[in-house]
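Here the structure comes first, spelled out in structure tokens, and everything after it is commentary.
Hydrogens, waters and symmetry mates play no part in the numbers below; they use all other heavy atoms, side chains included.
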Amino acid sequence: MKKTLIISISVILLIMISFTIYWNLPIEITRKSDIKSGNEIIENIENYRKKSYKLPEVNDWQTLEQLGLQKDDPKKPVYNKDENGNYELIYDDGLGGPYLLWNSTDKKWTIDQPKIK
């Protein structure tokens, strides 16, 4: 009985420690595939901006699909832009945030709330 209790407590502690370590890893490790996909989309958006001298419109799905975004696909980020020429890519996991977010002003991936509405 005592041996079973020790093993059970050890397993529970191991699980708790594993979750703690995972939650404290950098997002570059935990969200590597999302960031890689997002970086490709960012590159496409920047190329579009260089060619057309403007950002794609938020509701122009023909253009956005060519850039790598897809409407209502949870695996793809949501694209938002403002009137100042800034944009964000937001991975909406459906949990209400904070989200994996790339902002063209900061030019880095963060876990945050959207700044462009």
Side-chain angles (χ1 to χ4, degrees):
M1 183 75 172
K2 185 176 180 182
K3 188 174 184 179
T4 305
L5 182 63
I6 291 173
I7 291 173
S8 298
I9 291 173
S10 297
V11 169
I12 291 170
L13 284 173
L14 181 63
I15 291 170
M16 290 172 62
I17 290 170
S18 297
F19 275 119
T20 302
I21 290 171
Y22 177 79
W23 285 110
N24 288 309
L25 287 173
I27 59 172
E28 291 81 9
I29 294 172
T30 59
R31 303 291 299 269
K32 183 177 181 175
S33 64
D34 289 336
I35 290 173
K36 181 180 178 187
S37 171
N39 285 339
E40 292 170 4
I41 294 169
I42 292 164
E43 185 176 334
N44 292 340
I45 291 171
E46 290 300 327
N47 288 336
Y48 179 90
R49 187 196 311 227
K50 287 177 188 174
K51 289 178 184 174
S52 64
Y53 302 103
K54 65 177 185 168
L55 288 171
E57 294 300 320
V58 174
N59 56 1
D60 181 6
W61 283 104
Q62 184 177 4
T63 302
L64 293 176
E65 286 178 355
Q66 291 174 356
L67 299 176
L69 295 160
Q70 292 178 349
K71 190 175 187 178
D72 299 326
D73 185 353
K75 296 177 192 156
K76 296 289 183 174
V78 176
Y79 166 78
N80 285 324
K81 72 172 197 146
D82 65 12
E83 63 278 350
N84 299 326
N86 301 311
Y87 66 95
E88 289 180 331
L89 294 181
I90 305 157
Y91 280 94
D92 186 354
D93 55 9
L95 299 176
Y99 307 102
L100 177 61
L101 167 77
W102 189 88
N103 185 293
S104 64
T105 305
D106 301 334
K107 298 197 183 303
K108 66 179 180 178
W109 289 100
T110 60
I111 300 291
D112 203 354
Q113 295 292 339
K115 297 173 180 98
I116 298 174
K117 306 259 178 184

Minimum side-chain heavy-atom gap I35-L100 below 4.5 Å: yes
Flag side-chain contact, heavy atom, 4.5 Å: W102 against K107: yes
Set of residues satisfying side chain to side chain donor-acceptor pair (under 3.5 Å) with respect to D92, sequence neighbours excluded: none
S104 (side chain) donor-acceptor with N86 (main chain) under 3.5 angstrom: no
I12: partners by side chain to side chain contact (heavy atoms under 4.5 Å, CB included), with sequence neighbours left out: M16
For D60, salt bridge (Lys or Arg N to Asp or Glu O under 4.0 Å) partners two or more places apart: none
Set of residues satisfying side chain to side chain donor-acceptor pair (under 3.5 Å) with respect to E65, sequence neighbours excluded: none
Rounded distance [0.5 Å steps], CG in N44 versus CG in L69: 8.5 Å
L89 side chain near I45 side chain, heavy-atom distance below 4.5 Å: yes
Y91 reachable from I27 in the ILVMFWY side-chain graph, under 4.5 Å edges: yes
Side-chain cluster (under 4.5 Å, hydrophobic types only) that I116 belongs to, other residues: none
ILVMFWY cluster membership beyond L14 - transitive side-chain contacts under 4.5 angstrom: none
Inter- and intrachain pairs under side-chain hydrogen bond (donor to acceptor under 3.5 Å, both in side chains), touching residues 25-39, at least two apart: R31-D34, N39-W109
Any residue meeting salt bridge (Lys or Arg N to Asp or Glu O under 4.0 Å) with D82, in chain and number order, not counting sequence neighbours: none
Members besides L5 in its Ile/Leu/Val/Met/Phe/Trp/Tyr cluster (side-chain heavy atoms under 4.5 Å): I9, L13
Residue pair E57 / K81, side-chain heavy-atom distance below 4.5 Å: yes
Where at least one partner belongs to residues 38-50, residue pairs that pass salt bridge (Lys or Arg N to Asp or Glu O under 4.0 Å), sequence neighbours excluded: E46-R49
Side chain D106, main chain K108, donor-acceptor under 3.5 Å: no
Y79: side chain to side chain donor-acceptor pair (under 3.5 Å) partners, not counting sequence neighbours: none
Q70 vs W61 side-chain heavy atoms within contact, under 4.5 Å: no
Non-hydrogen side-chain atoms of E88 and L101 separated by less than 4.5 Å: yes
ILVMFWY network linking I42 to V58, side-chain heavy atoms under 4.5 angstrom: yes
ILVMFWY cluster, W23 and I111 together (side-chain gap under 4.5 Å): no
Test side chain to side chain donor-acceptor pair (under 3.5 Å) applied to N80 - qualifying residues, sequence neighbours left out: none
